[in-house]
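What follows is a single structure, written as structure tokens, with notes after it.
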2 protein chains.
Amino acid sequence: MVASRNGGPPMPYDENHVSRSEGRRRMPEEIPPPPWRRPKKAPPRVPLTQDRIVVTALGILDAEGLDALSMRRLAQELKTGHASLYAHVGNRDELLDLVFDIVLTEVEVPEPEPGRWAEQVKEMCRSLRRMFLAHRDLARIAIDRVPLGPNGMVGMERTMNLLRSGGLHDELAAYGGDLLSTFVTAEALEQSSRNPGTEQGREQAGVFADQLHGYLKSLPATSFPNLVHLAGPITSLDSDRRFELGLEIIIAGLLAGAGEAADDQVRTAGSPPAES
Amino acid sequence: MVASRNGGPPMPYDENHVSRSEGRRRMPEEIPPPPWRRPKKAPPRVPLTQDRIVVTALGILDAEGLDALSMRRLAQELKTGHASLYAHVGNRDELLDLVFDIVLTEVEVPEPEPGRWAEQVKEMCRSLRRMFLAHRDLARIAIDRVPLGPNGMVGMERTMNLLRSGGLHDELAAYGGDLLSTFVTAEALEQSSRNPGTEQGREQAGVFADQLHGYLKSLPATSFPNLVHLAGPITSLDSDRRFELGLEIIIAGLLAGAGEAADDQVRTAGSPPAES
DNA sequence: ACCTGAACACCGTTCAAGT
DNA sequence: ACCTGAACACCGTTCAAGT
């Protein structure tokens, strides 16, 4: 039914890298060194590779967030000098590109099944959303980045395949994929920005919503009749509901344009579908 | 027809603040000081206010971008020590809140006219987009911020008024405003990130699009049939076209939900409108 | 070839001390 | 009351020097 993007397990990278006991991995079993061969103080150091750097960076991101992910902090975790990192990644920005690409592995894009188009598009978007919610601050990394890494390309191919199976013409499929992923990213960003962890974050968000509700209700009704009237709906939508609502709107919009010709669709002014 | 948000001129704040000739404003005319009253080396200094700080910050943003807008750079422009700023703004983040709110003054939200709903929603979004494109990196500031400042509240009130005039039920109006502004912000962000200034930025973007087109075309057609097929549409959409397409999609989606009841709309699975 | 230390040119924020 | 200098605890990136 639903295919993992590379056929392997959903999370092929090692997440245990933040532990402090590295460097003895090469030995298959734990044998004490012979006493006449006195141990170097830093035994067989596992060499620095781009993979280790990226995986460790993701670990810091998950545990402490984007602001904690500095080149110096990362080097410390890897027990190197921070300048050494530049031999393998070139840039902090490039590093974030790589981190983003590696987590895209977790996203599942369904193989098209006839008659289930809308539902499958939703499944894809929900999977993408789950990825964002599973990795702290990842939405902040993704929001101004185009996923052109290897996993990004595979995801894009599968996404185009799914979107076109619903009858979207070329231009609408090409842009629709962008629009959907932008939507999911932006929604995840907004959710995580006012809900930092998962600890008491839900409560914190609730307190803020209550305060905002009180504030909106307290506005002068002559100048702000709509905000006073809508104080409830504006503040009561939780993240899940917002997400599903937005998904519904965009998918309906895509389907409304599905049959039309590409070229005159944009130039003509209105022509929305009938109101239900 | 179209009302400016506060009835005044569209840009009520002074933009000439980056000039280096401040401090003699208090004198109505230019009179040389009497020779026995020897001039202090720094004559009547104009006092630091939150307004001056915010306006100057916007000037730096426009001219040099968000990364150049540091507290130290800002203090230098204002001829103060950087620590002095904290007496008036508390925070760099709070400063950015204030900058964002001040430019919201430029956005025009139309007074509803019967029969022109879709077109008026587009006008509002285009006005918002113009604001973003007029101020370098403003989209980066806006993307993770909820506009709760005075100008933000006024804009929200007017937006809710317009959206409800089209028959959207409360929840859809409340969320629709969010969705539209998120869309405009994200699209402006993407445009400005690959198109830094306006100088040769369009050419730079064109070169990138050509490279990407060549790359997509060169992919193995057996693994990436859709990307190879869609190389044209994916890379040929310019920013204006993307924007109008997305607007069309979202508005169509909003109208599709306009007549439905709020409560079971989200829970029910599919039920999209007929395909044209 | 790979890694390191040290240096460069910056940051945001705080706070005791001055006027 | 408002402003300042100096300090604190950081940044990303470069580069000559080492092994």
Side-chain angles (χ1 to χ4, degrees), chain A residues 22-23 25-26 39-54 56-58 60-61 63-100 137 140-141 144-145 193 196, chain B residues 22-23 25-26 39-54 56-58 60-61 63-100 137 140-141 144-145 193 196:
Chain A
E22 287 174 327
R25 289 233 178 102
R26 258 109 77 113
K40 298 139 189 167
K41 55 181 174 183
R45 260 201 314 232
V46 12
L48 210 49
T49 63
Q50 195 183 75
D51 261 25
R52 279 188 69 221
I53 292 174
V54 172
T56 306
L58 179 60
I60 294 175
L61 195 71
E64 304 172 44
L66 183 58
D67 294 336
L69 180 50
S70 66
M71 300 302 274
R72 291 165 133 98
R73 174 82 181 74
L74 178 55
Q76 168 197 316
E77 206 68 58
L78 288 161
K79 300 175 196 311
T80 350
H82 54 274
S84 305
L85 301 173
Y86 289 89
H88 300 92
V89 293
N91 232 339
R92 183 171 188 261
D93 198 62
E94 191 188 302
L95 171 67
L96 298 182
D97 276 342
L98 295 168
V99 169
F100 183 30
D137 283 344
R140 276 172 67 192
I141 294 178
D144 54 1
R145 238 164 267 269
S193 81
Chain B
E22 289 174 325
R25 291 236 176 98
R26 258 111 78 114
K40 297 137 192 168
K41 55 180 174 181
R45 259 201 317 232
V46 12
L48 210 50
T49 64
Q50 196 182 75
D51 261 23
R52 278 188 71 221
I53 292 174
V54 172
T56 306
L58 179 60
I60 295 175
L61 195 71
E64 305 173 41
L66 183 57
D67 294 335
L69 180 50
S70 66
M71 301 301 274
R72 291 166 133 97
R73 173 82 180 74
L74 178 54
Q76 169 197 314
E77 206 68 58
L78 289 161
K79 298 173 194 315
T80 350
H82 54 273
S84 304
L85 301 173
Y86 290 88
H88 301 92
V89 294
N91 231 339
R92 182 169 189 263
D93 200 62
E94 191 188 302
L95 170 67
L96 297 183
D97 276 343
L98 295 168
V99 169
F100 183 31
D137 283 344
R140 277 172 66 191
I141 294 178
D144 53 3
R145 237 164 266 271
S193 80

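Bear in mind that the values here come from a model prediction, so they are computed numbers and not experimental data. Reminder, nothing fancy here: chain letters follow the sequence lines and each chain counts from 1.
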*asked:* Please report the distance, rounded to the nearest Å, between CD in Q76(B) and P in dG12(C).
replied: 13 Å
*For T56(B) and R52(B), indicate whether the former's side chain and the latter's backbone hold a donor-acceptor pair under 3.5 Å.*
yes
_Atom P, compared across dA9(D) and dC10(C): separation rounded to whole Å_ = 22 Å
*asked:* Please pick, from dT13(D), dT14(D), dT13(C), the nucleotide with the shortest atom-to-atom distance to any side-chain atom of R92(A).
replied: dT13(D)
*asked:* Rounded to the nearest 0.5 Å, what separates atom CZ in R92(A) from atom OH in Y86(A)?
replied: 9.0 Å
*Between dT14(C), dC3(C), dC3(D), which one does the side chain of T80(A) approach most closely?*
dC3(C)
_As a test of reading the structure: which of dC15(C), dC3(C), dC15(D) is closest to the side chain of A83(A), going by heavy atoms?_
dC15(D)
*asked:* Heavy atoms only, 4.0 Å cut-off, all strands: where does A87(A) land among base, sugar-phosphate and nothing?
replied: nothing
*Taking for each residue the nucleotide of DNA chain D with the nearest heavy atom, is it G90(A) or A68(A) whose nucleotide lies nearer the 5' end?*
A68(A)
*CD1 of I53(A) versus P of dC3(C): gap in Å, rounded?*
9 Å
*For the pair made of CG in L78(B) and P in dC3(D), what is the distance, rounded to whole Å?*
11 Å
_Pairing partner of dC2(C) (Watson-Crick or G-U wobble, both distances under 3.5 Å)_ = dG18(D)
*What distance do L85(A) atom CG and T80(A) atom OG1 have between them, rounded to the nearest 0.5 Å?*
6.0 Å
*Could you give the CG-to-P distance, from D67(A) to dT13(C), as a whole number of Å?*
12 Å
*Calculate the interatomic distance between Q50(A) atom CD and dC2(C) atom C1'; express it in whole Å.*
15 Å
*Working to the nearest 0.5 Å, report the span between CG of L58(B) and CG of L95(B).*
10.0 Å
*Among dG12(D), dT14(C), dG12(C), which nucleotide sits nearest the side chain of R72(A)?*
dG12(D)
*Tell me: CG of L95(A) to C1' of dT13(D), nearest whole Å?*
14 Å
_Nearest atoms (heavy-atom pairs only) where D144(B) meets R140(B)_ = OD1-O, 4.1 Å
_Can you measure H82(B) atom NE2 to dA9(D) atom P for me and round it to whole angstrom units?_
16 Å
*Contact class for S70(B) (heavy atom, under 4.0 Å): base, sugar-phosphate, or nothing?*
sugar-phosphate
*Could you state the CG-C1' distance from L85(B) to dT4(D), rounded to the nearest angstrom?*
12 Å
*asked:* For a quick test of reading the model: is some side-chain N or O of N91(B) closer than 4.0 Å to OP1 or OP2 of dG12(C)?
replied: no
*Both distances under 3.5 Å, Watson-Crick or G-U wobble: report the partner of dC11(C), or none.*
none
